[in-house]
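Just so you know, these numbers come straight off a predicted model, no measurement behind them. In each ligand, atom 1 is the first atom listed, and ligand 1 is the first ligand listed.
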Amino acid sequence: MTGNEELLELAVAIATDAGRLAAARREVGVEVAASKSSLEDVVTFADRETEALIRSRLADARPDDGFLGEESGTGSGRSGLTWVVDPIDGTVNYLYGIPHYAVSIAVVEGEPDPATWTALAGVVFNPASGELFTATRGGGAHLAGRRLTVAPPVDLSQALVGTGFGYQAAKRERQAAVVQRLIGRIRDIRRFGTASLDLCSVASGRLNAYYESGLAPWDHAAGGLVAAEAGALVTGGDGRPASSDLIISAHPEVAKTLESVLREVTN
Ligand code: IPD
């Protein structure tokens with residue numbers, strides 16, 4: 001087993017347990033613990049509890065690694081590796097009982113910054129569906145043992161495109177204006193509400209493309225690796241890495257066309 005596969009094995013074991021915990025809490029009923037950037041941007045007690053489980057399991061198994069989590073922040077390490085964690089991506093789906101949310105765990109090398117990091121392994125687990133997406137750098141992307149390949153290129157007019165919206169009302173309005181100008185030029189839009197799973201949908205061919213602006217590193221660390229290892233281009237546009245400014249993911253030919261159309265409809 002390579003080093004990256006060992007890291008993945010650990011990530012899968014922890015994500016599976018974390019997902020089961022989140023699903024069990026969902027069964028009992030979910031309570032909002034606090035609001036973050038806006039009233040719509042909530043954290044549940046289950047988000048916090050799930051992240052605490054992930055963080056303590058990682059600290060036990062990999063005490064020298066750093067940590068970057070959505071709910072409990074950063075912890076620096078000495079090994080040069082950092083675990084980037086969203087305990088429940090798709091929190092609003094989770095809150096409403098929509099069975100489309102995920103535990104997302106990636107391990108990256110270098111500074112825990114998407115501009116420079118190298119993702120080594122990642123897992124995205126939807127406990128409500130049981131789907132577990134995995135990837136290792138150079139080792140491909142998989143869903144339930146099946147190797148994933150991005151959908152073949154299509155004309156943008158035939159592309160099913162996923163996107164998402166931020167929590168700030170003004171930002172959502174700007175994003176909706178972009179969708180309004182884009183939607184007539186593609187097959188249709190999907191807004192599923194969980195960025196990590198959107199990226200896995202590109203990997204498995206359920207979406208031709210996905211783009212969003214405003215993502216946090218933990219939203220795309222694992223899913224971005226799954227998409228890239230399935231053959232997608234994952235880019236921030238203009239040859240830059242994906243960032244909070246922009247992420248586009250699709251078959252490389254579709255990604256390039258989408259990037260130029262997005263530039264047109266954004267300005
Ligand atoms: C959100 C989801 C959503 C995306 C938002 C993210 P959270 O993450 O991934 O799909 O559109 O930009 O913030 O808050 O549910 O962890």
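Proximity to L215 (heavy-atom distance under 4.0 Å) selects the following atoms of ligand 1: 12 (O).
At a heavy-atom cutoff of 4.0 Å, ligand 1 is contacted by the side chain of Y167 but not by its backbone.
When the heavy atoms of D89, I247, I88 are ranked by distance to atom 2 (C) of ligand 1, first place goes to D89.
A distance-only check finds no donor-acceptor pair linking the side chain of N208 to the backbone of V161 [under 3.5 Å]. Put simply, the side chain of T163 gets close to the backbone of Y211: a donor and an acceptor are under 3.5 Å apart. Between the side chain of E111 and the main chain of W117, no donor-acceptor pair closer than 3.5 Å is present. In this structure a side-chain-to-backbone donor-acceptor pair under 3.5 Å is present from D89 to A195.
Between S196 and ligand 1, a contact under 3.5 Å exists for no N or O pair. Ligand 1 has a nitrogen or oxygen under 3.5 angstrom from a nitrogen or oxygen of D86. Below 3.5 Å of separation, one finds no N or O of G164 facing any N or O of ligand 1.
For the ligand labelled ligand 1, residue F192 lies outside the 4.0 Å heavy-atom shell. Within the 4.0 Å heavy-atom shell around ligand 1 one does not find G214. By the 4.0 Å heavy-atom criterion, G193 is counted among the residues contacting ligand 1.
At most 12 non-hydrogen atoms from other residues, nucleotides or ligands lie less than 6.0 angstrom from CZ of R137. Within 6.0 Å of CD in Q180 there are 12 or fewer heavy atoms belonging to other residues, nucleotides or ligands.
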